[in-house]
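What follows is one structure encoded as structure tokens, with my remarks underneath.
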Amino acid sequence: MIVELMQMPAEEHDEVWLKNALQQAIMLELATLPPYLCGLWSIEDQDQGSDVFAAIQEVVFDEMSHLGLVCNMLTTIGGVPRIADASVVPKYPGPLPGGVRPELTVSLAGLTRETVDMFSQIERPDAPVVDPEKVHTSIGDFYSEILEVFRSHQGLITGVRQVIRDMSSHGKGNDVVALTSFDDVEAAVEIIKEQGEGTAVSPENPFPGKPGELAHFYCFREIFHGRKLIQVSEDPRRFDFQGDEIPMPRTLPMGTVPGGGWAQGRVPVSAEVKELLETFNRSYSSLLHFLEGAWQADQPNEAAKLLNKSVGQMFQLQGTAQQLMRIPLPDGSGKNYGPEFRYIETGG
């Protein structure tokens, strides 16, 4: 558990602590993708330049690169990421892995103001420049502690089994790069923290390849408030949601997936829906196997091939997900089915 790891005495923050913490971080990064993807895929006007679609899609690409960077952090100190494992794959609805934000329940549903609020709570920093609220352990807190342990144990960094992926088409700060020194690790941690939370004085992602782009928390708060976040005063520097209107796009009304999936949640499932759910879950499980295999491969070319397969598999999942999102639930609620993101052992 992340909270328990952070409560351990500093003298116990050693190699074993760091490997356990990074495995928890992998689970945490993985846990954000299914809810964000459900929101993204539920948007109907994806081909019409929806600002909301573009914003959430960029967050998804960022989270994918964060996952890759954390896996490289673990392998550079000799660890092996566990991803395709029923004991670590996140289940929905449920808490974030590791006890981060324990008051928050993360669920799978279509894009609404309620789900966008949930997204922003996942990314909430300790001291946001807008919408202040006291939180428990934040993701940023956790990464700060990981960096401090790397700082104290720089000799653990070996540069082994580093997977590289060029994602420059999505802006600077999105590449999955090799981590062969403490400086590399420090840069990766700062990317993860600042893309998610911003800085203490600005809501913007500070990387030069993404001028004007907001950190994830503020991006989601803009969508929630329906207004652009703008600076409203210089001294003191203050921001507020008083900019241009951001209309919510038309969406497919995906309902909230019950615990264990639709059938286990006692929702009737037709043969068509059952087949689509099984297809999606098998493909999702294969994606996780590809990801795990990439950081176990002996050759860089094989690792890159498996990583590319996982990314391609994710895009293929969208079609099946949207088929489900167009099938009404039988309860007359006006809501539709959606993907479950359940791991199955036969997915490899």
Side-chain angles (χ1 to χ4, degrees), residues 1-33 63-91 94-102 106 122 126 135-164 176-193 196-197 288-298 300 303 306-307 343:
M1 292 282 288
I2 289 170
V3 173
E4 293 172 356
L5 285 166
M6 292 185 69
Q7 290 173 344
M8 291 174 64
E11 59 269 21
E12 295 181 24
H13 291 193
D14 54 11
E15 179 180 355
V16 173
W17 185 97
L18 190 55
K19 286 180 177 178
N20 288 335
L22 290 169
Q23 177 60 46
Q24 290 285 325
I26 289 168
M27 294 159 60
L28 189 57
E29 295 295 344
L30 181 62
T32 67
L33 284 168
E63 297 296 345
M64 289 166 59
S65 69
H66 297 175
L67 177 62
L69 289 171
V70 179
C71 285
N72 276 350
M73 288 183 208
L74 182 53
T75 54
T76 201
I77 63 170
V80 180
R82 289 186 296 124
I83 299 173
D85 184 328
S87 68
V88 304
V89 176
K91 297 178 177 62
L96 285 170
V100 168
R101 303 300 313 278
V106 179
I122 292 172
D126 276 343
V135 300
H136 295 280
T137 302
S138 72
I139 294 174
D141 277 338
F142 182 47
Y143 277 110
S144 293
E145 187 58 33
I146 284 174
L147 182 61
E148 288 310 304
V149 179
F150 266 111
R151 191 187 307 276
S152 301
H153 298 80
Q154 297 183 34
L156 294 176
I157 301 170
T158 65
V160 300
R161 293 188 187 275
Q162 297 295 282
V163 178
I164 300 172
V176 178
V177 298
L179 308 178
T180 61
S181 68
F182 174 73
D183 287 345
D184 293 337
V185 172
E186 185 174 35
V189 170
E190 290 306 307
I191 285 172
I192 292 170
K193 287 179 58 181
E197 301 184 350
L288 298 181
H289 277 281
F290 291 144
L291 273 178
E292 187 173 85
W295 274 272
Q296 295 178 357
D298 292 324
L306 288 166
L307 187 60
Y343 176 76

Taking only residues two or more places apart in sequence, or in another chain, which ones meet [X] in a side-chain hydrogen bond (donor to acceptor under 3.5 Å, both in side chains)?
| X | value |
| --- | --- |
| Gln162 | Thr75 |
| Glu186 | none |
| Gln296 | none |
| Glu29 | Tyr143 |

Check side chain to side chain contact (heavy atoms under 4.5 Å, CB included) between [X] and all other residues, then give those that pass, not counting sequence neighbours.
| X | result |
| --- | --- |
| Thr32 | Tyr36, Glu63, Ile122 |
| Val89 | Tyr284, Leu288, Tyr343 |
| Ser144 | Lys193 |

For [X] and [Y], which heavy atoms make the closest approach, and how far apart are they?
| X | Y | result |
| --- | --- | --- |
| Leu147 | Glu190 | CD2-OE2, 4.1 Å |
| Pro97 | Ala31 | CD-CB, 3.5 Å |
| Leu307 | Val163 | CD2-CG1, 3.6 Å |
| Leu67 | Ile26 | CD1-O, 3.7 Å |
| Cys71 | Trp295 | CB-CE2, 3.3 Å |
| Gly159 | Thr76 | N-OG1, 2.8 Å |

>> Going by the rule salt bridge (Lys or Arg N to Asp or Glu O under 4.0 Å), which residues pair with Arg82 if we only count those two or more places apart in sequence or in a different chain?
In response: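 So Arg82 forms a salt bridge (Lys or Arg N to Asp or Glu O under 4.0 Å) with Asp85.
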
> Partners of Asp183 by salt bridge (Lys or Arg N to Asp or Glu O under 4.0 Å), sequence neighbours excluded?
Replying inline: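 Asp183: no salt bridge (Lys or Arg N to Asp or Glu O under 4.0 Å) contacts found.
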
> Is there a donor-acceptor pair closer than 3.5 Å between any side-chain N or O of Glu292 and the backbone N or O of Ala84?
Replying inline: yes

> Would Leu22 and Ile77 count as a side chain to side chain contact (heavy atoms under 4.5 Å, CB included) if you check the C-alpha gap in whole Å, the side-chain angles of each, and the deciding distance to 0.1 Å?
Replying inline: CA-CA 10 Å; Leu22 290 169; Ile77 63 170; 3.9 Å; yes

> Can you list the steps and then say if Thr180 with Asp184 is a side-chain hydrogen bond (donor to acceptor under 3.5 Å, both in side chains)?
Replying inline: CA-CA 6 Å; Thr180 61; Asp184 293 337; 3.0 Å; yes

> Taking atom CG of Leu179 and atom CG of Leu69, what is their separation to the nearest 0.5 Å?
Replying inline: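 Those atoms lie 6.0 Å apart.
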
